[in-house]
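Notes for the one structure printed next.
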Amino acid sequence: MTDLVLVDIADRIATITVNDPDRRNAVTAEISAGLRAAVEAAEADTNVHAVIVTGAGKAFCAGADLTALGEAAEDGLRVIYDGFLAVADCSLPTIAAVNGAAVGAGLNLALAADVRIAGPAALFDPRFQKLGIHPGGGATWMLQRGVGPQVARAALLFGKRFDAQEAVRYGLALDIADDPVAAARELAAGPAGAPRDVVMATKASMRATANPGVVDSDQHAIAVDIEITPQARSIESPEFQSRLSAAKRR
């Protein structure tokens, strides 16, 4: 763990905070690795029954760091993905307390959780198309699974963003709370008060029965592999590199 990813454990709940508010918690290789380490430590700690992920400051996560993204080939993209994929693969119940903007890879981090609680200032914004890059990290699969094909296509093909109210209306978030972390802790009290092995077995069964015969994490991995080559090509394109240079000059 680093100062960029903080972990607090209380009442059998691990709260993981991406802690780079000056950069709106943009994902770097270090933050991604910190998320992976925090999730794995929570899974290894028999005193932890549930995990909450949130962001420090006003943003939940502003997406991938543009410099890191602009330099990433397929291997580099997998490094950026690794943190939110750790959340997606977590064997414990997970809640994203979305306190502010969740953009691009930050939206993926929110989608990776089992449940999302939106703060009043939450914004769920894919942003991929606006940046001129292909979605990655399994975004196409996660959004379609979460909100259905039409709403997912509105987001990824037409650039629709969702504020807190819209997120709840379309099923992207479970609820809105003035303090999403406190609300997430209240929700996490359920698994925190139940036998850990039952909690973990229930989540494993739900993953296997959502589409009997296929575990959902396997479907996610396939989606990541499908998306990664077109995403890498879009990042290497002169159009994106030009946009990136312009953004750096601002």
Side-chain angles (χ1 to χ4, degrees), residues 1-65 68 76-117 119 122 136-138 142 179-192 196-197 199-200 203-204 207 216-217 220-221 224:
M1 258 63 77
T2 73
D3 290 342
L4 293 173
V5 178
L6 306 178
V7 180
D8 175 72
I9 297 174
D11 302 321
R12 296 182 175 177
I13 302 164
T15 301
I16 300 172
T17 303
V18 182
N19 183 44
D20 194 2
D22 291 342
R23 298 177 59 258
R24 296 171 58 79
N25 304 317
V27 179
T28 60
E30 187 175 1
I31 284 176
S32 186
L35 281 167
R36 166 70 66 179
V39 170
E40 290 182 349
E43 289 179 303
D45 186 342
T46 57
N47 194 45
V48 174
H49 291 207
V51 173
I52 296 168
V53 179
T54 193
K58 294 182 178 180
F60 176 74
C61 176
D65 173 77
L77 287 172
R78 291 189 187 277
V79 169
I80 293 170
Y81 300 164
D82 194 54
F84 63 74
L85 291 179
V87 176
D89 292 340
C90 184
S91 58
L92 298 167
T94 54
I95 305 170
V98 185
N99 51 302
V103 179
L107 175 59
N108 284 356
L109 177 59
L111 289 168
D114 296 314
V115 173
R116 287 156 292 284
I117 304 293
M142 288 192 289
D179 185 339
V181 174
R185 289 189 59 79
E186 184 176 346
L187 187 62
R196 191 177 195 256
D197 58 344
V199 169
M200 296 175 74
K203 179 166 180 177
R207 292 182 124 161
D216 68 355
S217 55
H220 192 171
V224 170

Expected output: side-chain His220 to main-chain Gly137 donor-acceptor under 3.5 Å = yes

remark   = Tightest non-hydrogen contact, residues Pro191 and Ala50, listed as CG-CB, 3.9 Å

Please report, to 0.1 Å, the donor-acceptor pairs under 3.5 Å made by any side chain of residues 85-98, with sequence neighbours excluded.
residue : atom : partner : partner atom : Å
Ser91   : OG   : Glu43   : OE2          : 3.0
Thr94   : OG1  : Asp114  : N            : 2.9
Thr94   : OG1  : Asp114  : OD2          : 3.1

key: Val224 vs Arg78, side chain to side chain contact (heavy atoms under 4.5 Å, CB included): CA-CA, chis, key distance, verdict   = CA-CA 9 Å; Val224 170; Arg78 291 189 187 277; 3.8 Å; yes

task = Verify the neighbour count for atom CD of Glu40: are there more than 12 heavy atoms of other residues, nucleotides or ligands below 6.0 Å?
result = yes

Ile80 vs Ser32 side-chain heavy atoms within contact, under 4.5 Å = no

ask   = Residues in ring-ring contact (aromatic ring centres under 6.0 Å, His included) with Phe84, at least two apart?
value = Tyr81

ask   = Can you check whether Ala59's main-chain N or O pairs, donor with acceptor, with Arg24's side chain at less than 3.5 Å?
value = no

message = Under the side chain to side chain contact (heavy atoms under 4.5 Å, CB included) test against Thr54, which residue among Asn99, Asn25, Leu6 passes?
response = Asn99

request  = Would you give the length of the straight line joining atom OG1 of Thr46 to atom CZ of Arg12, rounded to the nearest 0.5 angstrom?
outcome  = 9.5 Å

Using a 3.5 Å cut-off and no angle test, enumerate the donor-acceptor pairs between side-chain atoms of residues 13-21 and protein atoms at least two apart in sequence or in another chain.
residue : atom : partner : partner atom : Å
Asn19   : ND2  : Asp3    : O            : 2.8
Asp20   : OD2  : Arg23   : NH1          : 2.8

ask   = Has the side chain of Arg196 got a donor or acceptor atom that lies under 3.5 Å from a matching backbone atom of Asn47?
value = no

ask   = Out of curiosity, Leu187 CG to Ile117 CD1, how far, rounded to the nearest 0.5 Å?
value = 5.5 Å

ask   = Which heavy-atom pair separates Ala192 from His49 by the least distance, and what is that distance?
value = O-ND1, 3.6 Å

inquiry  = Atom CZ of residue position Arg185 - does it have more than 12 heavy atoms of other residues, nucleotides or ligands inside 6.0 Å?
reply    = yes

remark   = Closest non-hydrogen contact found for Ala42 with Val48 is O-CB, 3.6 Å

